[in-house]
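The chain is numbered in sequence order, starting from 1.
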Amino acid sequence: MKAISPTEVQAQAANANLILIDIREPYEYQSCQIEALKIPMAEFAARFSEFSKEQSLVLMCQSGKRAEALANFIETEFAAENIYVLSGGLNAYISEVAPHLTCE
């Protein structure tokens, strides 16, 4: 599993092959919105085939723990090499690069 920092994600925001994926549950989106593709953790494996091997997929949850578990699963089950975890999750992203976001 590879990690990527919030600063690195922000620096690569214009890179069309870097896809930020919010794996939180829909009820969690209500309290905090971030510009990312929203695919709940339970649905991600079934939708993994929608992405190409050229795309780098950055999984994000609130703290990074669920994203780490999902990344390990996807790498094991699909032999994926293009999976990254946002270090520290949404909490770190807000703290490091988006302090204007407020989450309840």
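- For Lys2, the NZ atom is densely surrounded, since the number of other residues' heavy atoms within 6.0 Å is greater than 12.
- Annotation: side chain of Met60 is in contact with side chain of Ile34 (closest heavy-atom distance under 4.5 Å).
- The shortest non-hydrogen separation linking Ala3 to Ser87 is CB-OG, 3.4 Å.
- Considering only heavy atoms from C-beta on, Leu18 stays 4.5 Å or farther from Gln55 through its side chain.
- Salt bridge status for Glu28 with Arg66: present, with a side-chain N to carboxylate O gap under 4.0 Å.
- No side-chain donor-acceptor contact under 3.5 Å links Glu75 to the backbone of Glu81.
- Remark: Cys61 SG to Asp22 CG distance equals 8.5 Å, nearest 0.5 Å.
- Using a 4.5 Å cut-off on side-chain heavy atoms (C-beta onward), Pro40 and Tyr27 make no contact.
- Grouped by direct or indirect side-chain proximity (heavy atoms under 4.5 Å, Ile/Leu/Val/Met/Phe/Trp/Tyr only), Leu59 sits with Ile19, Ile21, Ile23, Leu37, Ile39, Met41, Phe44, Phe48, Phe51, Leu57, Leu70, Phe73, Ile74, Phe78, Ile83.
- When the side chains of ILVMFWY residues are joined at heavy-atom separations under 4.5 Å, either directly or via intervening members, Tyr84 and Leu86 end up in a single hydrophobic cluster.
- Between the side chain of Glu8 and the main chain of Ser5, a donor-acceptor pair closer than 3.5 Å is present.
- A pairwise comparison of heavy atoms in Ala71 and Val85 identifies CB-CG2, 3.6 Å as the closest pair.
- A donor-acceptor distance shorter than 3.5 angstrom exists from the side chain of Arg24 to the backbone of Cys32, with no hydrogens or angles considered.
- Thr76 contributes a side-chain N or O that, together with a main-chain N or O of Asn72, makes up a donor-acceptor pair within less than 3.5 Å.
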